[in-house]
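Here's the structure, in structure tokens; my notes come after.
Side chains are part of it too, since the values below use all heavy atoms of this structure and drop only hydrogens, waters and symmetry mates.
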Amino acid sequence: MKKQLASAEVEVLALSPGLRRYLFLTAAITGGCIMVVEILGAKMLAPYLGTSHFVWTAQIAVALIALSAGYYLGGRLVDRSTRLRRLYACILFAAIYLTLTLLVVEPVAFWSLRFNLEMGTLLCSMILYFVPLALLAMTGPFVVRVITVAVAGVGGNVGRLTAVSTLGSFAGTVMIGYVLIPRFPNSFTLYGCAALLMLVVAGYFLVWERNTSARGAMVAVVLFGMVIGFLGVARGLRVDYPGAEEVYRSNSAFGLMQVLESTTDNRRLYLNDYLVQNTYDPFHRRSDSMFTYMLSGLAQTYTPRLDSALCIGLGIGIVPMDFANRGIEVDAVEINAAVVPLATNYFAFDPARVDVTIGDGRYFLNQTSKRYDTVILDAFIGDSSPSHLMTLEAFAAMKNVLNPGGTLV
């Protein structure tokens, strides 16, 4: 036992300053990737299982149990051997697993629908994300043991490593929430996360690993993972819609936006996170969805004098344009900036005739000094209205911006 500890200590003492810094970089990147997988995993399941709290609860629960397992197994692994190739092999396996999820997410999600929603989401998340999250979580205890020479330095090493890993998690959270999801397809982002992990592994094996056979095997596995990931991304981007052709697709901060053109009749559909939000006749330049004209029609019927309107939620611009075409002054508040060019390019919305404010409807209500004859509440996230726009306080704010005799639709 003493001999094993002595050999491990010699290996620790042999760490170069460059390798020590690389281990901290590894901890930061794995910490960031853990957060990316945790958040992006729920988005990957949304097309099949929805966006209910069951999906997020399952994803968070699986992430927590995976982290617990990873911390435990990482400690056990490093106690047996401090050879760093073992740690980087685990990281590489996690990256390969993530690329494979791109290929199997659809069949696994449909299989989980055999169960009730609570159990199905938990099983689906467990199958897809438990293994890679647990493997990535092994980094922390492994690196702490490797960089610790004496017991007196344990506290400092744990503190530094935890701080670096947490900063990496913070960076990953910011990137996935504010940069990656709004701008890139989810499958592309997950592939990028896996590719980054593979590059981290490649960096260690090419620079510090002396075992040439292990280095060659690593190169082969990384190339295999890259190919699998590419196939997964290609499959995620290729979606067939019977009777329709996809003419536009883009991620945004508030979900995937799509425009489909019917191949059987003269219709165009707008989808948000795979849910149809409106239908449109491009030949006659009008909506085929009755609710859009109910919104403006009810306001015109029940408002004694209608000269100004506030639309909370732009949609594809049908309701605001209907008001504008009738000579009514229209303000619209839309939280998703990406909707405006989409509505302009595909649904004949004219931003020059509607004063559009990009922001949250509730904030606009609290800040504006203008008064309106009608307020149209047409805000949706997925398949429901945002809860903060459906409270007593929200309705009181809407009442405050209405002229006497004004209406809320």
Heavy-atom check, side chain of L45 versus side chain of T121, under 4.5 Å: no
Electrostatic pair E329:K370 at N-O distance under 4.0 angstrom: yes
Side-chain heavy atoms of I316 within contact of V339, under 4.5 Å: no
Side chain to side chain, R249 and M257, heavy atoms closer than 4.5 Å: no
Other residues, nucleotides, ligands: >12 heavy atoms within 6.0 Å of F188 CZ: no
Flag side-chain contact, heavy atom, 4.5 Å: C311 against F323: yes
Y88-T26 side chain donor-acceptor pair, cut-off 3.5 Å: yes
Approximate separation, where rounding is to 0.5 Å, of L73 CG and F142 CZ: 12.5 Å
Any side-chain donor near an acceptor of the partner, S262 and D265, under 3.5 Å: yes
C124 SG to L49 CG distance, which is reported to the nearest 0.5 Å: 5.0 Å
Y248/Y346 aromatic ring centres below 6.0 Å: yes
Worked check of side chain to side chain contact (heavy atoms under 4.5 Å, CB included) between C90 and L77: CA-CA 11 Å; C90 292; L77 183 65; 4.1 Å; yes
Chi angles and distances behind the salt bridge (charged side-chain N to carboxylate O under 4.0 Å, His left out) call for D281, R267: CA-CA 5 Å; D281 181 348; R267 284 204 308 164; over 6 Å; no
Residue pair L128 / Y97: nearest heavy atoms and the distance that separates them: O-CE2, 3.3 Å
Nearest atoms (heavy-atom pairs only) where A343 meets G317: CB-N, 4.5 Å
Neighbour count above 12 (heavy atom, 6.0 Å) for Y293 OH: yes
Side-chain donor-acceptor pair present, D373, T303, cut-off under 3.5 Å: no
Closest non-hydrogen atom pair, S296 against D322: OG-OD2, 2.6 Å
Within 6.0 Å of CZ in R76, more than 12 heavy atoms from elsewhere: no
Heavy-atom side-chain proximity of L365 to I312 below 4.5 angstrom: yes
Min side-chain heavy-atom separation L135-I91 under 4.5 Å: no
Nearest heavy atoms of T82 and V146, plus distance in Å: O-CG2, 3.9 Å
Side-chain heavy-atom pair L113, F110 within 4.5 angstrom cut-off: yes
Candidate pair F349 and L342, rule side chain to side chain contact (heavy atoms under 4.5 Å, CB included), full reasoning: CA-CA 9 Å; F349 175 68; L342 179 146; over 6 Å; no
Min side-chain heavy-atom separation Y280-R285 under 4.5 Å: yes
L377 vs L295, side chain to side chain contact (heavy atoms under 4.5 Å, CB included): CA-CA, chis, key distance, verdict: CA-CA 9 Å; L377 178 56; L295 289 171; over 6 Å; no
Backbone N/O of F184 and side chain of N251: donor-acceptor pair under 3.5 Å: yes
From F205, Y204, W208, residue fulfilling ring pair (Phe, Tyr, Trp, His ring centres under 6.0 Å) relative to Y22: W208
